[in-house]
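The basis for the numbers below is simple: all heavy atoms, side chains too, and nothing from hydrogens, waters or symmetry mates. Everything numeric here is computed off the predicted structure, so don't read it as measured data.
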Amino acid sequence: MSETALKAPGAGAPRADANRWKALVFIALAQLMVVLDATIVNIALPSAQQDLGISDGNRQWVVTAYALAFGGLLLFGGRIADLWGRKRAFVLGLAGFAAASALGGAATTGAMMFGARALQGVFGALLAPAALSLLAVMFTDAKERAKAFGIYGAIAGGGGAVGLILGGFLTEYLDWRWTFFVNVPFAVVAAAGAYFVVREPEGGRNRSPLDIPGVILSTLGLVALVYGFTRAESDGWGDAVTVSMFVASVALLLAFVIVEARVKAPLLPLRVVTDRNRGGIYLSLGLAIIGMFGLFLFLTYYLQVVKGYSPVKTGFAFLPMVAGMITGSTQIGTRLMTRVPARLLMGPGFLVAGLGMLLLTQLEIDSSYPALLLPAMVLLGLGMGTAFMPAMSLATQGVEPRDAGVASAMVNTSQQVGGAIGTALLNTIAASATTSYVKDHIAGAATRPQQQLVQLQAMVHGYSAAIWFAVGILGLAALIAFTFVNAGRPRTLTVASGDGAEDEVPVPVVAH
């Protein structure tokens with residue numbers, strides 16, 4: 001048996017919060033807002049670029065400014081949540097995110113837009129780990145935890161696709177500015193609900209002094225890593241700045257690990273990531289996100305550019321994936337989480353998603369949505385939903401309460417870095433395959449329509465080539481889940497609490 005959430009009799013085992021299910025509603029709403037924001041702005045970007053006079057060279061900063069701030073500050077945000085209290089960090093993160101969103105919606109220049117997006121990233125980095133760690137410390141019963149993380153996992157997985165639908169509606173029927181303004185009511189409702197409903201368990205704070213060298217090294221290292229991948233997408237892998245960013249990132253993160261191993265109160269206690277199960281989850285989750293993020297991008301372009309779908313129709317085309325994720329997370333993952341070991345949900349889940357991805361390697365210009373895209377999306381959704389749910393739960397299970405914030409931040413960091421890698425890596429592969437196809441086939445196209453056909457065929461060929469890599473990446477994620485994650489199904493033990501009552505606490509059983 002490895003770590004447990006067990007306390008000795010008489011030590012005061014945590015008692016379940018009576019308002020925990022109400023709290024889940026507001027935590028889930030906040031998480032939905034953060035995940036939506038990752039894709040909702042992509043749909044609005046062309047309209048915003050035109051209105052604000054942003055150049056083609058600078059438009060990437062609408063996405064990059066958010067990604068750098070969010071990815072770079074997640075560990076710091078998680079530690080602040082442990083230090084200040086998760087409820088306080090959660091409400092403050094929501095308030096800041098709402099203000100930054102209002103600023104983005106009211107932007108009159110490109111610089112104002114970039115600043116608003118960076119601010120969204122800063123407050124998102126405080127909000128996201130606080131949300132997940134609140135769930136981790138409020139839901140301790142194994143069956144309840146499975147249900148709560150099933151809902152959270154469905155939102156974390158399917159929220160991006162919902163963002164495409166909502167972004168399409170708001171851009172097409174209202175104005176691109178509403179893709180920002182829509183966050184304000186989300187945040188106000190979630191913050192008000194959390195303020196009155198969330199009751200954070202006592203004794204879970206980490207009041208150790210802040211590890212300033214760790215904060216600086218981790219932030220600069222993660223920013224360099226995310227920017228390196230973002231830069232690789234636009235300027236190529238051989239670009240001098242791209243290479244220097246990767247070198248700087250490796251040096252900074254290596255220095256961060258050395259510092260964390262030596263300081264008395266580390267920003268990221270190495271016990272959080274060296275645990276076999278958590279390490280396997282962070283790695284496999286990051287790999288799965290690499291495949292998913294690239295796919296969102298390719299399918300959006302395929303449906304709009306090749307198939308001629310409107311933004312709204314494109315969003316609705318993703319609905320089967322969302323439905324699959326919700327079903328996989330809340331019906332399969334939740335029901336089986338307390339019956340089978342997590343690896344027997346995560347591994348097969350990634351493989352089912354990989355099968356859906358494999359179908360998409362057959363994409364052609366005239367591919368049928370019902371015959372090819374629909375079953376592929378359903379398989380992707382089911383697989384990812386089934387895998388995400390136990391991953392989210394196990395990533396924070398058994399961790400000491402004082403480390404819940406940084407453990408949650410690591411889940412978000414693996415997703416954020418995975419997203420940056422996926423977008424850059426798969427885009428580069430697709431672009432290279434597209435260029436090669438055009439070079440080989442353009443000579444045989446004599447007329448303008450024939451040349452346009454070759455361009456479209458080249459684009460689809462590029463997507464197909466990149467999706468093959470995504471299939472391999474999901475296969476690797478499944479292998480890591482089967483190999484590293486060895487926690488058995490959680491069970492509950494009854495122990496005496498300090499007041500003479502009895503409490504049930506989950507014990508992750510490790511298979512040997």
Atom pairs and distances, side-chain donor-acceptor, residues 89-102, under 3.5 Å, sequence neighbours left out:
unit_1 : atom_1 : unit_2 : atom_2 : d
S101   : OG     : F97    : O      : 2.8
S101   : OG     : Q120   : NE2    : 2.8
S101   : OG     : N183   : ND2    : 3.1

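The side-chain contact (heavy atoms from CB on, under 4.5 Å) test applied to S218 returns L75, F256, L267, not counting sequence neighbours. Here A107 pairs with L52, M112, M113 under the side-chain contact (heavy atoms from CB on, under 4.5 Å) rule; sequence neighbours left out. With sequence neighbours excluded, the residues forming a side-chain contact (heavy atoms from CB on, under 4.5 Å) with F114 are I54, N58, W61, V62, listed by chain and number. Contacts of Y282 classified as side-chain contact (heavy atoms from CB on, under 4.5 Å), with partners at least two apart in sequence or in another chain: V272, V273, R278, A395, A407, M410, V411, S414. R335 pairs by the side chain to side chain donor-acceptor pair (under 3.5 Å) definition with Q331, not counting sequence neighbours.
Side-chain contact between L29 and V189 is present, with at least one heavy-atom pair separated by less than 4.5 Å. Residues L170 and V182 form a side-chain contact, since some pair of their non-hydrogen atoms from C-beta on lies under 4.5 Å apart. Residues L380 and M292 meet the side-chain proximity criterion, which asks for heavy atoms closer than 4.5 Å. Using a 4.5 Å cut-off on side-chain heavy atoms (C-beta onward), R79 and V215 make no contact. Residues F196 and K22 form no side-chain contact, since every pair of their non-hydrogen atoms from C-beta on lies 4.5 Å or further apart. Side chains of L285 and F388 form a contact here, defined as non-hydrogen atoms less than 4.5 Å apart.
The two residues G347 and A481 come nearest to each other via the heavy atoms N-CB, 4.0 Å. The nearest pair of heavy atoms linking A391 to M346 is CB-CE, 4.0 Å. Pairing each heavy atom of A288 with each of F350, the nearest pair is CB-CE2, 3.4 Å. For the residue pair S249 and G221, the shortest heavy atom distance occurs at OG-O, 3.2 Å. Of all non-hydrogen atoms in I290 and G418, the two that sit nearest each other are CG1-O, 3.3 Å. When every heavy atom of A69 is checked against every heavy atom of V122, the shortest pair comes out as CB-N, 3.8 Å.
We find the CD1-CD distance between I258 and E260 to be 11.0 Å, quoted to the nearest 0.5 Å. Taken to the nearest 0.5 Å, the OG1 atom of T386 stands 10.5 Å off from the CE atom of M325. With rounding to the nearest 0.5 Å, the separation of CZ in R86 from CG in L134 is 7.5 Å. Rounding to the nearest 0.5 Å places CG of L222 at 10.5 Å from CG of L217. To the nearest 0.5 Å, atoms CD1 (I80) and CG (L73) are separated by 10.0 Å. In this structure, the separation between CD1 on I473 and OG on S284 is 13.5 Å, given to the nearest 0.5 Å.
Between the side chain of T483 and the backbone N or O of I480 there is no donor-acceptor pair closer than 3.5 Å. The main-chain N or O of L394 is never found under 3.5 Å from a side-chain atom of N277 such that the two would form a donor-acceptor pair. A distance-only check finds no donor-acceptor pair linking the side chain of R343 to the backbone of F482 [under 3.5 Å].
Between Y66 and F70, the ring planes are parallel. Angles under 30° get that label, and only those over 60° would be called perpendicular.
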Checklist entry - Could you go step by step and tell me if V257 and L253 meet the side chain to side chain contact (heavy atoms under 4.5 Å, CB included) rule? => result CA-CA 6 Å; V257 171; L253 292 177; 5.7 Å; no
Item to check | side chain to side chain contact (heavy atoms under 4.5 Å, CB included) assessment of M33 paired with L127 | outcome: CA-CA 10 Å; M33 182 186 72; L127 170 62; 3.8 Å; yes
